[in-house]
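These notes concern the structure reproduced below.
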Amino acid sequence: MSTHAAEDAGSGDLFAANLKGSLLAVASSAFIGVSFIVKKKGLRRAGAAGSRAGVGGYGYLKEPLWWVGMVTMLIGEIANFVAYMFAPAVLVTPLGALSIIVSAILAHFTLNEKLSRVGVLGCGLCIVGSTMIILHAPQERTPSSVEQIWHLATQPAFICYATIAVAVTLFLMVYCSPRYGQTNIMVYVGICSVIGSLTVMSIKAVGIAIKLTIEGINQAGYFQTWLFAVVSATCIVIQLVYLNKALDTFNTAVVSPIYYAMFTTLTILASAIMFKDWSGQRASNIASEICGFLTVLAGTVVLHSTREPDQTVSADLYTPLPPKIYWHIQGNGDIAKQKEDDSLTCEFITVVRQDYFV
């Protein structure tokens, strides 16, 4: 009887920990969703006054609205950081989809990025999938020391994953970013997602170390604690730089779902390799979690496919029209063509694309 009572008590503690982690993850998503919009508005203001972040400019650092967005994101990331102390990454990370819902709704009202009725359906799918994940999330037992986490991080399987992740990130940063970053959204978002999976693993390790230290088991004396902290800080800086580039270059409605899908998939994979989140779990629960994630992923795809692209001004806006033929409107209202060597009348009016003035 006493054994069963102890098991029930332990199960209750793990459920309570998962619940705390879920609530913190939801709060984190709300703050991060708001921060996407505020930062986007700050980037637009900074871009209007100088070089855009997407082409290497850092004028947004002088924009107060961008810093408001950064503070909002920091609050969300702190809540997310604490959530990883209580719940497994398989539970916390997919709940980031809620930030997509928040950013999509706010973008509809503040950035004029329209959200259709089908987009609302996508939001609903994200909520349903997130609920499935919460209900079937694994109950993770917290390691008792940073040394145990270090042992998990130095497994051959995770070392192999980390090596591949770093190699892919360097390739995208050094080779692909200068060549294709402005035209292919997968470059900037790919960097954020791949390096982000390592960020979560190192942040979770630091979070557990802080939690154990608060409980009276000091972890500051282990070099592994500080190594995880350095890795976390480095990865976070890289993520912020390239996330700013992605937001400034592409539509928020496109960046958010693609970033979520890639980041969440890679984080779940990294966590399953390092922390063995699904070890000992029933196949039915694992299948339910996967279905929940796929439902959320479907919601993000639906949400993305129904959004309008950014109406960005092309780089050649002020490039002269082709010299061979000009279109003009004559004084009587008739449209006519005029060759390069013909003289232009005083009624000449150049016709340009209307969407340049939208």
Side-chain angles (χ1 to χ4, degrees), residues 32-33 35-44 46-47 51-58 60 66 69 73 93-94 96-97 99-104 106-108 111-116 118-119 122-123 126 165 167-199 235-267 269 296-316 355:
I32 292 175
S35 75
F36 267 107
I37 304 304
V38 178
K39 287 173 64 180
K40 178 81 172 186
K41 292 180 75 69
L43 288 170
R44 284 185 175 181
S51 298
R52 295 167 44 240
V55 294
Y58 293 94
Y60 60 85
W66 184 85
M73 175 172 277
T93 306
S99 66
I100 299 176
I101 298 175
V102 174
S103 63
L106 292 178
H108 175 82
L111 298 179
N112 199 31
E113 296 176 2
K114 300 303 181 183
L115 178 64
S116 67
V118 180
C123 293
C126 290
V168 170
T169 301
L170 290 176
F171 174 73
L172 291 174
M173 290 173 62
V174 176
Y175 181 80
C176 296
S177 180
R179 294 171 174 81
Y180 313 111
Q182 293 293 304
T183 57
N184 192 330
I185 191 174
M186 300 303 292
V187 176
Y188 292 153
V189 176
I191 294 171
C192 295
S193 302
V194 175
I195 207 70
S197 64
L198 299 181
T199 304
C235 292
I236 287 172
V237 170
I238 294 173
Q239 277 186 273
L240 285 177
V241 170
Y242 284 93
L243 183 58
N244 282 329
K245 289 178 179 289
L247 285 173
D248 192 54
T249 306
F250 304 99
N251 192 309
T252 307
V254 180
V255 173
S256 296
I258 296 178
Y259 178 47
Y260 166 79
M262 293 181 63
F263 170 70
T264 303
T265 301
L266 293 172
T267 299
L269 176 62
V296 174
L297 190 57
T300 61
V301 171
V302 170
L303 188 57
H304 156 57
S305 64
T306 58
R307 300 297 298 279
E308 297 177 350
D310 267 343
Q311 294 179 342
T312 54
V313 178
S314 65
D316 60 348
D355 59 6

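Here, residue 1 is the first one in the sequence, and each next residue gets the next number.
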Checklist entry - If you measure from CG on L111 to CZ on R44, what distance do you get to the nearest 0.5 Å? => result 5.0 Å
Checklist entry - Who pairs with T199 by side chain to side chain donor-acceptor pair (under 3.5 Å), at least two apart in sequence or on another chain? => result Q239
Checklist entry - Would a 4.5 Å heavy-atom cut-off, applied to side chains only, mark W66 and N244 as touching? => result yes
Checklist entry - Is the backbone N or O of V174 less than 3.5 Å from a side-chain atom of S177, with the two atoms forming a donor-acceptor pair by type? => result no
Checklist entry - Which atom names give the shortest non-hydrogen contact between V255 and L247, and what distance separates them? => result CG1-CD2, 4.1 Å
Checklist entry - So I238 and M173, side chain to side chain contact (heavy atoms under 4.5 Å, CB included) or not? Walk me through it. => result CA-CA 10 Å; I238 294 173; M173 290 173 62; 4.3 Å; yes
Checklist entry - Roughly how far apart are L172 CG and S193 OG, rounded to 0.5 Å? => result 10.0 Å
Item to check | Residue pair Y188 / Q182, side-chain heavy-atom distance below 4.5 Å | outcome: yes
Next on the checklist: Would you compute the distance between atom NZ of K245 and atom CD1 of I185 and round it to the nearest 0.5 angstrom?
Outcome noted: 14.5 Å
Checklist entry - Who are the ring pair (Phe, Tyr, Trp, His ring centres under 6.0 Å) partners of Y180, not counting sequence neighbours? => result none
Checklist entry - Where do I101 and C123 come nearest, in terms of heavy atoms and distance? => result CD1-O, 3.4 Å
Next on the checklist: Give me the atom names and distance for the closest heavy-atom approach of F36 to S103.
Outcome noted: CB-CB, 4.2 Å
Item to check | Partner set under side chain to side chain contact (heavy atoms under 4.5 Å, CB included) for T267, not counting sequence neighbours | outcome: A89, T93, S197, V200, M201, F263
Checklist outcome for this item: L240 meets the side chain to side chain contact (heavy atoms under 4.5 Å, CB included) criterion, sequence neighbours left out, with K39, M70, M73, I236
Item to check | Closest heavy-atom pair and its distance - A246, V189 | outcome: CB-CG2, 4.3 Å
Checklist entry - Nearest 0.5 Å, what's the OG1-CG distance between T249 and L43? => result 9.5 Å
Checklist entry - Considering all heavy atoms of both residues, which atom of I195 and which atom of C235 are nearest to each other, and what is their separation? => result CG1-SG, 3.8 Å
Next on the checklist: Which residues pass the side chain to side chain contact (heavy atoms under 4.5 Å, CB included) test with C192, not counting sequence neighbours?
Outcome noted: Y242, L243, Y259
